[in-house]
Every structure is written in C-alpha cells, then in structure tokens.
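Input: a single structure, listed below in structure tokens.
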Amino acid sequence: MNVNDESNKLQRRLFLQRLGITAASLTFIPFRGMADTETLEFGNGIRELVAYPQKRPLMLVTARPPHLETPFAVFNEGVLTPNDAFFVRYHLPNFPTSIDVGQHRLTVTGQVNKPLSLSLAELKALGETVEIVAVNQCAGNSRGFSSPRVFGAQLGNGSMGNARWTGIPLKTVLERAGVRAGSKQITLRGLDRPALPGTPEFVKAIDIDLALSGGPLIAWAMNGTEIPFLNGYPIKLIIPGYFGSYWVKHLSEIEVIDHDFDGFFMKTAYRVPDNDCQCVPTGSIPEKTRPISQLKVRSFITNLRSGENVSAGHPINLQGIAFDSGSGISSVDISDDGGRHWQAATLGKDLGNYSFREWHKTWEPQDKGKVALQVRARNRRGEEQPAAGLWNPGGYAQNAIETLSVLVV
Ligand SMILES: Nc1nc2c(c(=O)[nH]1)N[C@H]1C(S)=C(S)[C@@H](COP(=O)(O)O)O[C@H]1N2
Ligand SMILES: [Mo]
C-alpha cells in the first residue's frame, strides 16, 4: 500500500473542504521521508514517521485506517500534548475525510421523551460550556511490550495524550431529551462506517449512570482550538478517566436503550479479565471478562531514553509525567538500583485529577556501569504500579513500572 497516496488523497479532500475556512489548511504538507523512523524497544519495532493533514510526522502503525502514535519525545515538550502531535486511532477503513460542519447533526433517540437532532450551534447553546484537562489513552497503549506477545497492533507508549477539552456535559444533552425511567445504557456512534457488509460498526456503550454523572463531555475544542479532523472533528465524546475507546469521534448518534448493548466493540473486543488486576497467567484465557473501563496509574520519565549515556558525578534533573483515572497522583518515586530503594520526586503544577501530572527529581549517577532507572507512581486511592507487566490476551491496560537502562560513564 502506498502510504503517500493515501495521505495525499486525504490531504486534498481536507484541503478542499477547508479552503476559505481556515488558513491553517494551506500549510498542510504530506511528508514521508525514508530516513525518518523511530524505533520501539521490541521486535519489529521500527516505525516510519508520516505526516497526515494537520499532523506533524507521527509513527505509522497502519495507513488505512490511519493509526498513528506520538513519538515519545513529544511528552517532554509540555504537559499538554500538542494537537498536531496527538495520536490517531481508527478501526474502520471508511473513516470520514470530509465533513460539512454546517450539516453535522448529533441525534439523541431511543428511550427519551423528546428526540433531538442538534446542529453544532444548537449543541453549544444548550447550556454552560465546561473545560477539563484529561488524558486520552488507548486501551492497547504499550501492548507491544506484552510478553509473551499478543495479537493486535504492536503499540509503544505513544497511544496516549493529554489535552484541554471544551464542550458541554453529556448530561445536559440527555436531560434536554428526557431520559425515560428504566433506561440502562446509551450507545455512541460516529460518522465512520465499515467498508464491507458484515463488518461490525464501531459503536460503543456506557451505563446510563455514567452518562448522567456529569463526567462525560461532548467536546468541540481541544487545547483551545477546533479538534483536529483525525481526532474527531467537529465533536467528540470525552470520558475523563476512561480508556480512549469510549471517546467516540465525529460523534453523530446517541441512543438511549433499556438493555445492555451487545455490539462487537462491547461484547467481543475491548474486554479484560473480570478481576482486580485485569490479568491472567501468561498465555491463558480468562474464564470471565468485562468491558475495559478506567485507566490505571502510570508514570514515565520523559527526558531520558533507554540506552542513553549519563556522566558519573553529574546531577541530572529527571522529569516526566504521571496519571491515573482521576483520583489524582499522590506520589512519584525514582529508583536507580532496580527497585530496592526509592526516592520521592517533586510533583509539578496540578492541572486537575484527570491530567498528566508533571514531576521532577534531581538524580546524581554514582558508579560507572549499567543502571536500571525506574519510575513508580501512586494515586490517592493508594494504588501503585506493579513491578512487572500484568498479562491479558488483549495486551490491554498495561501499567508496569517503566525501566530505563542507562549507562553511567
Ligand atoms: N468514530 C470513532 N471514534 C473512535 C474510534 C473509532 O475507530 N471511530 N476509536 C476509539 C479508540 S479505540 C481510541 S483509542 C480513540 C483514539 O482517539 P484519537 O484518535 O483522537 O487519539 O478514539 C476512539 N474513538
Ligand atoms: Mo483504542
């Protein structure tokens, strides 16, 4: 498959669609340099860097539909992930390439007193606008590190990002429609469609309690500007603390239902072992599973990479990020002796419980030789990252303590 062609086609369509709407489209330059790759630390981990419309070169997982990961160095640029570097994930080959925002409607149907069909302007006028900084992380982020390997896209740590979302609470919209008593879930659908009959549509569902909790948001802006096309323009559902699979892009249909939805992306895909660790012994099949839901606590060092050399006796300011599902980060610790001793890092500015939390720690490499540098976060519920990866067949919800192998010289 010629990635450049795909990118060019999409680029051209987006360009035409946006001509006269935003000058930003004039700067789109599809770009694919043969020499530009990023290497992940597992087998077959070489990824091409390819620029799609509105995106800087990102790591190509698949071209159709576009599945792009954020190069890890981006997470050291700042606590908010820039829109042009934010990862992209689609499931179906028929993703939209042109959307007339004036024609876009969000419908609310099913077990409601008053079905709605809202334009973007009507949606914005329904109630108070809210803002929240929240992490969008794919359930399969870091799957490539699963051992033994599991089926699915071999993802590094770049299928996550942190942004400031602006929108209206889902609750406000549902209340306007009037949810009937006895409703159990809502289903969520965007504009993408399967290419072949028989392929399941990408439809997700959440419980009515979560839908009405005030947490989920229908967002139209990301980091203060419109949502990039590939991230769900013109509107996208945000569920702070929940994995990205629920964050339906190009949101167009909400249906309130009186039963548990059993479509493919709830009943078959995106499920984890139904136990506390969401894990099973390596290589085994879980007896019982449940839909994946909330993020687990994680942390990363962002300004040093495995394989780098550092100088003995020269202090370095280590820095990085930590996050969880919304209880908030209570502490981040660093170890340079394989986890025997830990030292507390200092937490940075607090942008809210659903955001990446910055941290930093001065570290002075001592003896020359190889060092296993580790970072571990704990949240306000007292949950901590496990020392080793917890395995499940989907490679979902990975959150083992990160270890960088650095050489002290
Ligand atoms: N319409 C639509 N929304 C979708 C998906 C999709 O395939 N189609 N994929 C989901 C998954 S699994 C993830 S991880 C996130 C990724 O969001 P992003 O592409 O904006 O980074 O989108 C979610 N929303
Ligand atoms: Mo995902």
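Remember, it's 1-based here, ligands and their atoms both numbered in the order they're listed. Just so you know, residue 1 is the first one in the sequence shown, and it goes up from there.
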Checklist entry - Ring centres of His67 and Phe87 under 6.0 Å apart? => result no
Checklist entry - Any N or O on Ser245 sitting closer than 3.5 Å to an N or O of ligand 1? => result no
Protein contact of [atom] - nearest heavy atom, named by residue and atom, plus distance:
atom: atom 17 (O) of ligand 1; value: Asn136 ND2, 3.3 Å
atom: atom 7 (O) of ligand 1; value: His91 ND1, 2.7 Å
atom: atom 2 (C) of ligand 1; value: Asp192 OD2, 3.3 Å
atom: atom 3 (N) of ligand 1; value: Lys249 N, 2.9 Å
atom: atom 21 (O) of ligand 1; value: Phe87 O, 2.6 Å
atom: atom 22 (O) of ligand 1; value: Gly244 O, 3.6 Å
atom: atom 5 (C) of ligand 1; value: Phe202 CE2, 3.4 Å
atom: atom 20 (O) of ligand 1; value: Lys236 NZ, 2.6 Å

Item to check | Inter-residue atom distance Lys361.NZ - Ile301.CD1, 0.5 Å rounding | outcome: 12.0 Å
Checklist outcome for this item: In this structure, CH2 of Trp247 is separated from CD1 of Ile239 (nearest 0.5 Å) by 8.5 Å
Next on the checklist: Can you tell me which residue among Lys296, Arg381, Arg298 is in a side chain to side chain contact (heavy atoms under 4.5 Å, CB included) with Asp324?
Outcome noted: Arg381
Enumerate the atoms of ligand 1 whose separation from the nearest heavy atom of [X] is less than 4.0 angstrom.
X: Val248; answer: 3 (N), 24 (N)
X: Tyr90; answer: 7 (O)
X: Trp247; answer: 22 (O), 23 (C), 24 (N)
X: Asn231; answer: 18 (P), 19 (O), 20 (O), 21 (O)
X: Cys138; answer: 14 (S)

In terms of relative ring orientation, are [X] and [Y] parallel, tilted or perpendicular, with 30° and 60° separating the classes?
X: Tyr246; Y: Tyr242; value: perpendicular
X: His91; Y: Phe265; value: perpendicular
X: Tyr270; Y: Tyr396; value: parallel
X: Phe356; Y: Phe323; value: tilted

Item to check | Passing option when Asn231 is tested against Lys236, His250, Gln54, Lys55 for side chain to side chain donor-acceptor pair (under 3.5 Å) | outcome: Lys55
Next on the checklist: Just to check, does Tyr270 reach to within less than 4.0 Å of ligand 1 when the distance is taken from its heavy atoms?
Outcome noted: yes
Checklist entry - Does a side-chain heavy-atom distance below 4.5 Å link Phe145 with Gln398? => result no
